[in-house]
Amino acid sequence: MDEFQLSEETVETTIGSSAYQQNRINQWTSSVVETSLNQLSKLGKPFKYIVTCIILQKNGAGLHTASSCFWDNTMDRSCTVRWENKTTYCIVCVFGLAV
Amino acid sequence: MSDLAKEKAARLLKKRGSVSSLGSHDVRAKETGGKIKDSISTVSYIDEPGHHDDNPRPAVQMENTFQLAPHRRFPVLTVNDILKDVLASYLQEEKYEADLCRQMTKTISEVIKARVKDLMVPRYKIIVLISIGQLSDQNMRIGSRCLWDSSNDTFSSHSFKNSSLFAVANVYAVYFE
């Protein structure tokens with residue numbers, strides 16, 4: 001699934017190199033998710049998409065994420081992008097399910 | 001939960017992998033005009049090893065079912081209860097520890113998936129996403145958006161907190177036409 005390269009680029013362009021700001025965080029999560037969904041839908045493939053974004057402040061705290069899926073192994077795929085800068089972590093998970 | 005159930009879940013886990021352990025990692029440092037930017041990104045794919053080595057199944061010709069909508073809808077409230085139940089029973093007394101929680105996320109996601117599968121809702125694909133984190137002074141935002149058929153597809157979500165950790169569970173159900 002090469003279109004998942006797209007989701008990585010989208011994350012990088014939307015978040016850029018901004019430091020963590022509490023007031024912007026709402027806007028960022030929404031914009032990351034919406035932009036990546038828009039780009040994915042522009043591909044025009046027969047897939048349903050689920051995009052999840054976690055934005056986290058770097059504070060020494062730990063986080064674990066796991067996902068478990070019941071789907072068609074031959075046609076459905078998922079991809080995770082982890083992005084960080086000096087003050088923030090961002091994790092974006094994209095799931096693509098064939099129609 | 002009883003030890004027996006935990007053992008069973010652990011055995012199930014051994015057969016399947018989780019996103020973090022399988023897949024290839026690709027670390028790149030961004031470079032623009034000779035300077036290295038401050039951000040790092042890694043991408044992991046969920047290509048299971050040996051997946052493409054198996055003989056591809058011959059394409060199955062499906063007949064028309066003339067079925068436009070699911071006969072039985074996904075029971076969101078039941079799944080909400082399942083999530084509440086599982087998170088509370090596994091995490092009520094736990095303290096945040098890196099190794100324990102790593103294992104716990106995988107176990108919990110498999111357990112939730114098994115219980116949702118037991119509901120036997122036909123033609124629905126299930127995705128379970130669990131995040132367990134340490135409670136400290138940080139701020140965090142989790143958001144998700146979906147491109148799907150909103151009349152048939154749905155999701156369920158629950159969050160749990162105790163004195164040292166928090167957990168968020170999301171279950172997405174997508175109808176397979």
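Letters A, B, ... are given to chains in the order of the sequence lines, protein chains preceding strands, and every chain is numbered from 1.
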Can you give me the closest heavy-atom contact between [X] and [Y], atom names plus distance?
X       : Y       : value
K48(A)  : Y175(B) : NZ-O, 3.1 Å
K117(B) : F70(A)  : CE-CE1, 3.5 Å
C101(B) : H64(A)  : CB-CD2, 3.6 Å

By number, which residues in [range] have some heavy atom less than 4.5 Å away from chain A?
range                       : value
residues 143-159 of chain B : G143(B), S144(B), R145(B), C146(B), L147(B), W148(B), D149(B), D153(B)
residues 123-134 of chain B : Y124(B), K125(B), I126(B), I127(B), V128(B), L129(B), I130(B), S131(B), I132(B), G133(B), Q134(B)
residues 161-169 of chain B : F166(B)

Can you tell me how far apart OG (S67(A)) and NZ (K106(B)) are? Round to the nearest 0.5 Å.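 If I round to the nearest 0.5 Å, the distance is 11.5 Å.
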Discussion item. Within this structure, what is the CD1-CG distance for the pair I50(A) and N170(B), rounded to the nearest 0.5 Å?
Written reply: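 Answer for the CD1-CG pair, I50(A) versus N170(B), is 9.5 Å.
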So, do F95(A) and V174(B) sit near enough that their side-chain heavy atoms are less than 4.5 Å apart?
no
Here the salt bridge (charged side-chain N to carboxylate O under 4.0 Å, His left out) pairs for residues 162-171 of chain B, sequence neighbours left out, are none
